[in-house]
Amino acid sequence: SAAGVRIAFNEHPLPDEDRGWPALIDVATGAKRDLADELDSITGLVWAPGGDEVCFGSLTSIQCARVSTRSVRVLLRSTTLITPRDIAPDGRMLAVAWDIRVAQIAGDVNGREIDLSWQEQAVPLDLTKDGSQLLFLTPWTYGMYVRGVDGSPPVRLGTGIPVGFSPDGRSLLSIQLGVPTSLTVVPTGAGEPRVLPRDRLESHSGGAW
């Protein structure tokens with residue numbers, strides 16, 4: 001902060017994930033407190049003039065959290081992803097508008113390619129052992145999908161961060177978001193998801209069969 005008594009930062013509970021929330025640390029005491037609930041995405045963090053608000057990007061909006069009351073207001077809505085970089089003393093804001101587009105392509109030994117892209121972004125994560133099914137994630141919505149590499153329509157299996165197919169390909173392992181996180185086995189066909197025991201673990205950053 002301008003007075004040097006507080007440090008504002010974005011807390012990300014999972015590594016390599018932009019989920020999180022704005023938080024403060026008091027320099028004198030080291031006490032920490034959160035300024036908002038968990039958001040699907042938080043990027044950038046700047047102090048507003050006056051020192052009682054911090055502003056940050058959350059997907060297509062810029063929001064500001066009031067330090068004294070923990071209330072959050074939407075400052076700007078955009079048609080694209082946006083991140084604040086700085087605020088001048090007169091209130092003018094410098095921000096970056098940006099976008100990400102990802103294509104996923106399947107190819108065979110004969111050089112044939114099939115476009116398996118989905119929406120504007122899809123992150124391929126795993127293939128079944130026989131190579132017939134693709135597991136992918138839509139990062140901004142945390143949608144988990146399975147799709148045949150023959151180009152058949154994708155099937156949405158829920159939300160979370162998928163880790164990989166089971167050895168028999170009949171289910172997948174996923175991290176369910178929140179505080180604390182949990183590990184869930186999700187069937188790729190009929191059946192109900194099954195939450196695995198967490199014991200004393202507070203956060204999962206990965207998993208494997």
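What you are looking at is a predicted structure, and each value in this text was computed from that prediction instead of being measured.
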**Student:** Would you say that Q63 contacts P22 through its side chain, given a criterion of any heavy-atom pair below 4.5 Å between the two side chains?
**Tutor:** no
**Student:** Report yes or no: does R70 contribute a side-chain atom to a donor-acceptor pair with the main-chain N or O of D34 at less than 3.5 Å?
**Tutor:** yes
**Student:** Find the distance between CZ (R66) and CD (E53) and round it off to the nearest 0.5 Å.
**Tutor:** 4.5 Å
**Student:** Can you tell me how far apart CZ (R85) and OG1 (T43) are? Round to the nearest 0.5 Å.
**Tutor:** 7.5 Å
**Student:** Using side-chain heavy atoms (C-beta onward) and a distance below 4.5 Å, is T79 in contact with T60?
**Tutor:** no
**Student:** Counting C-beta onward and ignoring hydrogens, is there a side-chain heavy-atom pair between L172 and L135 closer than 4.5 Å?
**Tutor:** yes
**Student:** Say you draw a straight line from CG of N10 to CZ of F56; how long is it, rounded to the nearest 0.5 Å?
**Tutor:** 8.0 Å
**Student:** Say you draw a straight line from CG of D150 to CG of L134; how long is it, rounded to the nearest 0.5 Å?
**Tutor:** 11.0 Å
**Student:** Check whether any side-chain N or O of R147 sits under 3.5 Å from a backbone N or O of L116 as a donor-acceptor pair, and report yes or no.
**Tutor:** yes
**Student:** Does R33 use its side chain to pair, donor to acceptor, with the backbone of V67 at less than 3.5 Å?
**Tutor:** yes
**Student:** Is D40 paired with R19 through a side-chain N to carboxylate O contact shorter than 4.0 Å?
**Tutor:** yes
**Student:** Measure across T83 and W98 and return the closest heavy-atom pair with its distance rounded to 0.1 Å.
**Tutor:** OG1-NE1, 3.0 Å
**Student:** Are any of the side-chain heavy atoms of I7 and V27 separated by less than 4.5 Å?
**Tutor:** yes
**Student:** Of all the heavy-atom pairs spanning F136 and P124, show the shortest one and how long it is.
**Tutor:** CB-CA, 3.9 Å
**Student:** Go through the steps for L177 and Y142 under the test side chain to side chain contact (heavy atoms under 4.5 Å, CB included), then give the verdict.
**Tutor:** CA-CA 9 Å; L177 301 167; Y142 293 93; 3.5 Å; yes
**Student:** Would you indicate whether the side-chain heavy atoms of H204 and Q176 approach each other to under 4.5 Å?
**Tutor:** no
**Student:** Looking only at non-hydrogen atoms, find the nearest pair between V163 and I175 and report the distance.
**Tutor:** CG2-CG1, 4.1 Å
**Student:** Is the shortest heavy-atom distance from the side chain of L137 to the side chain of Y145 under 4.5 Å?
**Tutor:** no
**Student:** Check the pair S171, S166 against side-chain hydrogen bond (donor to acceptor under 3.5 Å, both in side chains), reporting the backbone distance first and the verdict last.
**Tutor:** CA-CA 5 Å; S171 57; S166 60; 3.3 Å; yes
**Student:** Measure from the side-chain N and O atoms of T138 to the backbone N and O of G143, and report whether any donor-acceptor pair falls under 3.5 Å.
**Tutor:** yes
**Student:** Do L173 and V185 have side-chain heavy atoms sitting under 4.5 Å apart?
**Tutor:** yes
**Student:** Can L157 and V146 be said to form a side chain to side chain contact (heavy atoms under 4.5 Å, CB included), step by step?
**Tutor:** CA-CA 7 Å; L157 299 179; V146 171; 3.4 Å; yes
**Student:** Determine, step by step, whether I42 and S58 satisfy the side chain to side chain contact (heavy atoms under 4.5 Å, CB included) criterion, reporting the C-alpha distance in whole Å, the side-chain angles of both residues, the deciding distance to 0.1 Å, and the verdict.
**Tutor:** CA-CA 5 Å; I42 180 169; S58 183; 5.6 Å; no
**Student:** Quick check: does any side chain N or O of N110 sit under 3.5 Å from a backbone N or O of R112, one acting as donor and the other as acceptor?
**Tutor:** no
**Student:** What heavy-atom pair brings C55 and I62 nearest, and what distance separates the two atoms?
**Tutor:** CB-CG2, 4.5 Å
**Student:** Test your reading of the model: is there a side-chain donor-acceptor pair from W209 to the backbone of F165, 3.5 Å cut-off?
**Tutor:** yes
**Student:** For residues G57 and P84, report the shortest heavy-atom separation together with the two atoms involved.
**Tutor:** N-CD, 3.3 Å
**Student:** Look at the side chain of S1 and the backbone N and O of R6, then say whether any donor-acceptor pair between them is shorter than 3.5 Å.
**Tutor:** yes
**Student:** Are the side chain of D199 and the backbone of L201 linked by a donor-acceptor contact shorter than 3.5 Å?
**Tutor:** no
**Student:** Are the charged groups of R92 and D86 less than 4.0 angstrom apart, N to O?
**Tutor:** no
**Student:** Do L39 and L59 sit in one hydrophobic cluster, given that two such residues count as connected whenever their side-chain heavy atoms are within less than 4.5 Å of each other, even indirectly?
**Tutor:** no
**Student:** Do W118 and R156 come close enough that some side-chain heavy atom pair is under 4.5 Å?
**Tutor:** no
**Student:** Are there more than 12 heavy atoms of other residues, nucleotides or ligands under 6.0 Å from atom CZ of R194?
**Tutor:** no
**Student:** Under 3.5 Å, is there a donor-acceptor pair between the side chain of S78 and the main chain of S61?
**Tutor:** no
**Student:** Mind checking the CD1-CE spacing from I87 to M93? Nearest 0.5 Å is all I need.
**Tutor:** 3.5 Å
**Student:** Are L35 and L24 close enough, and set up right, to give a side chain to side chain contact (heavy atoms under 4.5 Å, CB included), and what steps lead you there?
**Tutor:** CA-CA 7 Å; L35 294 180; L24 283 180; 3.7 Å; yes
**Student:** Distance check, rounded to the nearest 0.5 Å: S152 atom OG versus Q133 atom CD?
**Tutor:** 6.0 Å
**Student:** Is a side-chain N or O of D52 found less than 3.5 angstrom from the main chain of S68, in a donor-acceptor match?
**Tutor:** yes
**Student:** How far apart are the closest heavy atoms of K129 and P167, and which atoms are they?
**Tutor:** CD-O, 3.7 Å
